[in-house]
Amino acid sequence: MMFVYPKGEQLFAGTWYAPWDAASGADPNASPEQISSFLTALNGALPGLKAGPEHVAEVTAGLLPAFSPGSTELTDTDLIHDHGAHSGPRGLFSLTGIKYTTAPEVARRLLARLS
């Protein structure tokens, strides 16, 4: 699914997923090839747009939790990991969320677990 909305005299468009593997040491930011792939898909969805790399003013990149390294299939559940329950430091928890919009609720669940 892609979206486009006006931002002044420009368009804001997204979202595009590309695989990334931390072990590769590669930069997690969008490469020129990935931007080109996004523009091809965007132009396919909006044939009259004719957007090219020269029209790209900014790219926002981030890492999302995927099922496995190098995958673009996103996890569908948040993860709260209790390190103390797995031979790690007692009282240390790791939290992996899947969406910014659900982060406050996941944080509340973790805090409730600590109470």
Side-chain angles (χ1 to χ4, degrees):
M1 180 184 304
M2 300 176 87
F3 67 85
V4 178
Y5 70 86
K7 184 179 178 185
E9 302 217 354
Q10 299 176 327
L11 291 176
F12 184 75
T15 300
W16 188 258
Y17 299 114
W20 182 72
D21 185 359
S24 72
D27 185 346
N29 291 307
S31 69
E33 294 80 16
Q34 291 168 329
I35 294 168
S36 178
S37 293
F38 171 73
L39 291 171
T40 297
L42 183 63
N43 287 323
L46 298 168
L49 186 62
K50 298 181 178 142
E54 69 277 10
H55 299 109
V56 177
E58 182 178 347
V59 175
T60 302
L63 300 175
L64 297 170
F67 274 112
S68 61
S71 170
T72 58
E73 185 180 358
L74 302 181
T75 60
D76 57 1
T77 57
D78 301 303
L79 173 66
I80 297 174
H81 180 76
D82 179 353
H83 293 270
H86 297 90
S87 303
R90 191 173 152 194
L92 176 63
F93 291 82
S94 292
L95 173 67
T96 302
I98 57 169
K99 297 186 334 187
Y100 294 119
T101 55
T102 61
E105 178 57 32
V106 178
R108 279 190 282 279
R109 284 194 353 247
L110 177 57
L111 291 173
R113 192 169 172 178
L114 297 174
S115 300

Open item on the list: Please check if the number of heavy atoms outside R113 that lie under 6.0 Å from its CZ is greater than 12.
Closed with: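 Yes, because the 6.0 Å sphere around CZ of R113 holds more than 12 heavy atoms from other groups.
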
- request: Taking atom CD of E9 as the centre, report whether more than 12 heavy atoms of other residues, nucleotides or ligands fall under 6.0 Å from it.
  value: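 No.
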
So, for [X] and [Y], which heavy atoms are closest and what is the spacing to 0.1 Å?
{"X": "H83", "Y": "S94", "value": "NE2-OG, 2.5 Å"}
{"X": "L39", "Y": "G52", "value": "CD1-C, 3.5 Å"}
{"X": "A61", "Y": "P28", "value": "CB-O, 4.1 Å"}
{"X": "A18", "Y": "Q34", "value": "CB-NE2, 3.1 Å"}

Less than 4.5 Å apart, side chain to side chain, heavy atoms only: is that true for [X] and [Y]?
{"X": "L49", "Y": "V4", "value": "no"}
{"X": "V106", "Y": "R109", "value": "yes"}
{"X": "F93", "Y": "L114", "value": "yes"}

Got a donor-acceptor contact below 3.5 angstrom from the T40 side chain to the S36 backbone?
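Side chain of T40 to backbone of S36, a donor-acceptor pair under 3.5 Å: yes, one is there.
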
Requested in this report: Give, for atom CD of E58 and atom CD of Q10, the distance between the pair rounded to the nearest 0.5 Å.
Outcome: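 Here the rounded value is 9.5 Å.
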
CG/L42 to NE2/H55 distance, rounded to the nearest 0.5 angstrom?
->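 Reported value, rounded in 0.5 Å steps: 11.5 Å.
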
ask   = Taking a hydrophobic cluster as the set of Ile, Leu, Val, Met, Phe, Trp and Tyr residues connected by side-chain heavy atoms closer than 4.5 Å, whether directly or through intermediates, do I35 and M2 fall within one such cluster?
value =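 The answer is yes; both residues are in one hydrophobic cluster.
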
Is there a path of hydrophobic side-chain contacts, each under 4.5 Å between heavy atoms of I, L, V, M, F, W or Y residues, that connects W16 with W20?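 Looking at the clustering, W20 is in a separate group from W16.
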
Exercise for the section: Could you tell me how the ring of F3 sits relative to the ring of Y5: parallel (under 30°), tilted (30 to 60°) or perpendicular (over 60°)? Expected result: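 Rings of F3 and Y5: parallel, as their planes differ by under 30°.
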
